[in-house]
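Comments concern the structure below.
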Amino acid sequence: MQSPCKQLCRIEDDVCIGCNRTLYEVAAWSRLTDEERLRIMGTLDNPNRIEEGHALQNPKRRKFT
């Protein structure tokens, strides 16, 4: 499976501006199934992918309210 990495790695607001993946998606990439990777790659062109809930959620990250 190809990686969407474009070698333009710079993180802003927990998202890589090169490939539009979240930090969690970048870190988990090698452990994901091909199906999970394809699903993520299919959403990377959407600038609102995170707001629309298309990003892979980190199950260990606590949300503070």
Side-chain angles (χ1 to χ4, degrees):
M1 170 62 61
Q2 286 184 295
S3 170
C5 181
K6 297 181 180 181
Q7 304 296 313
L8 300 170
C9 305
R10 194 169 90 209
I11 305 301
E12 292 183 7
D13 298 322
D14 288 337
V15 177
C16 175
I17 64 164
C19 65
N20 202 28
R21 289 181 292 169
T22 65
L23 282 178
Y24 178 67
E25 290 169 329
V26 171
W29 195 256
S30 64
R31 296 184 310 275
L32 298 176
T33 65
D34 285 346
E35 182 178 300
E36 290 169 318
R37 291 177 189 167
L38 283 172
R39 186 185 61 76
I40 291 168
M41 289 180 71
T43 68
L44 293 177
D45 289 335
N46 180 350
N48 299 313
R49 67 184 293 272
I50 296 168
E51 293 84 356
E52 293 175 5
H54 299 297
L56 184 64
Q57 298 297 310
N58 183 343
K60 295 182 181 179
R61 187 167 192 167
R62 292 188 299 169
K63 293 182 182 179
F64 297 99
T65 56

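Note that the structure is a prediction, hence the values are computed from the model and not measured.
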Exam field: side chain D13 to backbone V15, donor-acceptor pair closer than 3.5 Å: no
Can you tell me if N48 has over 12 outside heavy atoms packed within less than 6.0 Å of its CG? yes
R10 with E12: basic N within carboxylate O range, under 4.0 Å: yes
Shared hydrophobic cluster, L44 / Y24 (ILVMFWY, side-chain heavy atoms < 4.5 Å): yes
Between I11 and L23, is there a side-chain heavy-atom distance shorter than 4.5 Å? yes
Heavy atoms only: give me the nearest C9-C16 pair and the separation to one decimal. CA-SG, 3.9 Å
Say whether, by atom type as modelled, one donor and one acceptor occur between the side chain of R49 and the main chain of R21 under 3.5 angstrom. no
Would you call R37 and E25 a salt bridge, using N to O less than 4.0 angstrom? no
Mind checking whether I40 and L32 have side chains closer than 4.5 Å, heavy atoms only? yes
Hey, could you give me the OG1/CG distance between T22 and L56, rounded to the nearest 0.5 Å? 6.5 Å
Nearest 0.5 Å, please: how far is CG in D34 from CZ in R39? 13.5 Å
Within the 4.5 Å heavy-atom criterion, are W29 and C5 side-chain neighbours or not? no
Tell me whether the count of non-hydrogen atoms from other residues, nucleotides or ligands lying under 6.0 Å of CD in E52 goes above 12. yes
Closest non-hydrogen contact found for I50 with A55 is CG1-CB, 3.9 Å
